[in-house]
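The next block holds one structure in the form of structure tokens; read it before the comments.
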Amino acid sequence: MSEKKESLNFIEQIIEEDIASGKHGGRVHTRFPPEPNGYLHIGHAKAICINFELAAKYGGKTNLRFDDTNPITEDTEYVEAIKKDIQWLGFQWEGEALFASDYFDQMYHFAIDLIKKGLAYVDDSTPEMIAEMKGTPTVQGKNSPFRDRTIEENLTLFEGMKNGEFPDGSRVLRAKVDMTSPNMLMRDPVMYRIKHAHHHRTGNQWVIYPMYDFAHGQSDSIEHITHSLCSLEFRHHRPLYDWFIQQLEIFPSRQIEFARMNVAYMITSKRRLLKLVQENYVTGWDDPRMPTISGMRRRGYPAEALRVFCDKVGVAKRDNLIEVELLESCVRDVLNRDSERAMVVLNPVKLVITNYPDGKCEKLSVEINPEKPELGHREVDFSREIFIEREDFMEDAPRKFFRLSPGRDVRLKHAYIIHCNSLEKDEEGNVTEIHCSYYPDSRSGNDTSGVKPKGTLHWVNAGSAKKCIVRNYDRLFTIPEPTVDDGQDFLKFYNEESLVVNDKALIEPYLLRQDVGKSFQFLRQGYYCVDADSNDETMIFNLSVSLKEGWKPGY
RNA sequence: UGACCUAUGGUGUAAUUGGCAACACAUCUGAUUUUGGUUCAGACAUUCUAGGUUCGAGUCCUAGUAGGUCAACCA
């Protein structure tokens, strides 16, 4: 057996070094820490895959922990949606879902520890004054006049903060680190602020809430997380993350930063996604155009495709912009393998087979999925009148056009080879009907005609065709990076044609009453899934991704 | 007027740690095909720049250049 050396990403290298050195007894424990203030998107999908797959690879565990330390933006509605998305992606966290708010009491005592060590103080300065004293990246900060309060006074005031004796914004608890540090985050960061707000889990029990820097690392430590993975923006937080753990003398979780994923034509800013929803540019968080996990699910992207995509994208520390084509390739791959085939005519034109007996109806056998022959066949009606795709016919066709044109032959998929004889047009010159004759000995499966047409067309039987609605989706924005210039006007790059509804498409009856979410390959066109808006009257299909097109008509 | 991070095909990641620059996507050829799909074969790189160390540098050293991040009582 030839051993192929597997290449490791930089996080795996760190983990393997830790295991080799016996750190934490070789244990690997990660966590996915969403804030329940919005829906998960493609960027979260990458973080989820990394955390869960890395832990699984090394026999470890992954916690789901909601980072709910800001009561005014968070809600249980998001908690449930986030859980659903993670499970749909195919992952299960260790035990029950956890919450940073579960540790509020412990964090409070951590803060008291720090005060007692002379490493934290209550600051009465206004937010403006604190910002002023903090300096800028290139100008050192200045010490607060409240920095040298006695431990006893700090203890009393902090307890007063906790007991609700002071109004919002009047005081904060700050860590006493170093106002001259070149790292802004080390300039006496705020640990606790006063917020008389209702928390989605602790209700009105608390009026002080810890800041991210005094909650995240502490939660990691409490859960004995070994490798705390986050995105690059948190690089500057690491010295503070380590400082708190060191001063508190608690379990030393380690923060490791990786580059978050950017995908062309997509945005992952929660604020901007919310704006798209609120201003009705999309129909909701799960609009199939949204880069949210729920949106992609409704779009018909299989969870497996998302996982494969995240794996292929890799993990590194440099800024990146992934082409959507890679995502679409992953989606096609899974859908090609798994989805049933069906014939749907999106833009119908009638075709009459003049030498086919009127009133005759044949049951033709069609394969369900050529990639899975074991699935067998089903039957489709064929008769004298059918519909074909308008784009599959051209009166004056170039030589490279392999479809139907007067005088040319073409194969009807699963049926007969036909020869085009004539056509009818309306006053405006639109083709209204195409007349063909068929070769009776060319039936699919036992073709003895010897005719070798260049192309094969999909079709639907006129007598049994049903109308449906097809929602064709395209990228949400017209340029790859709609937020590059950092203007709020990313909306000017909104793609007005990101949704085109087609209500004249014709399906074969087989497609009626299929399960919501089920994917089909509409032969020669693309992958579509059944939308939840479908009902007994009308099926609604969402375009997941089109088939690759090897030939583009030049008109 | 700083600190930190990052630089490898069009895109994204590799390169057994100093030994023939690899894989995937995209693009372009060609073969196969009753889906112009799938599948198969092939093509596509001054490793940011300039010096240096070395038999040998994507990898090590020096100096540049470019991009990113940091000044919420958000996470």
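Naming convention: chains lettered A, B, ... in sequence-line order (proteins, then strands); numbering from 1 in each chain.
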Expected output: side-chain A/N163 to main-chain A/E159 donor-acceptor under 3.5 Å: yes
B/rA26 to B/rU11 separation - P atoms, rounded to the nearest Å: 15 Å
Ignoring hydrogens and angles, does a donor from either the side chain of A/R411 or the base of B/rU34 sit under 3.5 Å from an acceptor on the other? yes
Heavy atoms under 4.0 Å, any strand shown: does A/Q13 hit a base, just sugar-phosphate, or nothing? base
Considering every strand and a 4.0 Å limit on heavy-atom distances, what is the contact class for A/T136: base, sugar-phosphate, or nothing? base
Which one is paired to B/rA26, where only Watson-Crick or G-U wobble pairs with both distances under 3.5 angstrom count? none
Counter-base of B/rU62, judged by Watson-Crick or G-U geometry with both distances under 3.5 Å: B/rA50
Quickly work out the A/D333 CG to B/rG37 C1' distance and round it to whole Å. 12 Å
Under 4.0 Å, heavy atoms only, any strand: does A/S125 hit a base, just the sugar-phosphate, or nothing? base
Tell me if a side-chain donor or acceptor on A/E12 pairs with a main-chain N or O of A/N9 at a distance below 3.5 Å. yes
Cation-pi geometry met for A/R174 and A/Y121 (6.0 Å, 45°): no
Partner of B/rA71 by Watson-Crick or G-U wobble geometry, both contacts under 3.5 Å, or none? none
Just how far, in rounded Å, is C1' of B/rG37 from CG of A/D338? 16 Å
Any side-chain heavy-atom pair from A/Y103 and A/R65 closer than 4.5 angstrom? yes
Judged by whether its glycosidic angle lies within 90° of 0, B/rU8 is anti
Do A/H458 and B/rU35 have a side chain to base donor-acceptor pair shorter than 3.5 Å? no
Going by modelled atom types, is there a donor-acceptor pair between the base of B/rU35 and the side chain of A/Q525 at under 3.5 Å? no
Within this structure, what is the NZ-to-C1' distance between A/K400 and B/rU29, rounded to whole angstrom? 12 Å
Provide, to the nearest angstrom, the distance between the CH2 atom belonging to A/W459 and the C1' atom belonging to B/rU35. 14 Å
Can the ring centroids of A/F382 and A/Y356 be said to lie less than 6.0 angstrom from one another? yes
From CG of A/N37 over to C1' of B/rA72, roughly how many Å is that when rounded to an integer? 14 Å
Quick one: pull up CD in A/E379 and CD in A/E508 and give me the separation to the nearest 0.5 Å. 12.0 Å
Before giving the answer on side-chain hydrogen bond (donor to acceptor under 3.5 Å, both in side chains), spell out for A/H458 and A/E389 the whole-Å C-alpha distance, their side-chain angles and the decisive distance to 0.1 Å. CA-CA 8 Å; A/H458 61 278; A/E389 211 69 60; 2.7 Å; yes
Taking N and O atoms by type only, does the side chain of A/R337 place a donor or acceptor under 3.5 Å from a partner on the base of B/rU38? no
Now, which nucleotide makes the Watson-Crick or G-U wobble pair with B/rA14, with each of the two distances under 3.5 Å? none
Nearest whole Å is fine: how far is B/rU38 P from A/N336 CG? 7 Å
Counting only distance, no hydrogens or angles, is the base of B/rA75 paired donor-acceptor with the side chain of A/H237 under 3.5 Å? yes
Complement of B/rU38, any strand, by Watson-Crick or G-U distances under 3.5 angstrom: none
Interatomic distance at C1', B/rU29 relative to B/rC4, whole Å: 47 Å
So what does A/R174 hit on the nucleic acid, given a heavy-atom distance under 4.0 Å: a base, only sugar-phosphate, or nothing? nothing
Expressed in whole Å, how much space separates the C1' atoms belonging to B/rC70 and B/rA22? 36 Å
Hey, is the side chain of A/E325 pairing donor to acceptor with the base of B/rG10 inside 3.5 Å? no
Across the strands shown, which category fits A/T73 at heavy-atom distances under 4.0 angstrom: base, sugar-phosphate, nothing? nothing
If you measure from the C1' atom in B/rA45 to the same atom in B/rA7, how many Å do you get, rounded? 16 Å
How far, in whole Å, is B/rA41 from B/rC23 if one measures between their P atoms? 12 Å
Value in whole Å for how far the P atom of B/rG37 lies from CD of A/E328: 16 Å
For the pair A/N369 and A/E371, evaluate side-chain hydrogen bond (donor to acceptor under 3.5 Å, both in side chains) and give the outcome as yes or no after the intermediate values. CA-CA 5 Å; A/N369 181 351; A/E371 303 291 320; over 6 Å; no
Whole-angstrom distance between B/rU54 and B/rA71, as gauged at atom P: 46 Å
Rounded to whole angstroms, how far apart are CE on A/M186 and P on B/rC4? 14 Å
I'd like the C1' distance from B/rG56 over to B/rC20, given in whole Å. 12 Å
Answer with yes or no whether A/R403 presents, from its side chain, a donor or acceptor under 3.5 Å of a partner atom in the base of B/rG36. yes
State whether the distance check finds a donor on one side and an acceptor on the other, under 3.5 Å, for side chain A/E323 versus base B/rG10. yes
For the P atoms, the ones on B/rA14 and on B/rU1, what distance do you get once it is rounded to whole angstrom? 37 Å
Do A/T456 side-chain and B/rU35 base share a donor-acceptor contact under 3.5 Å? no
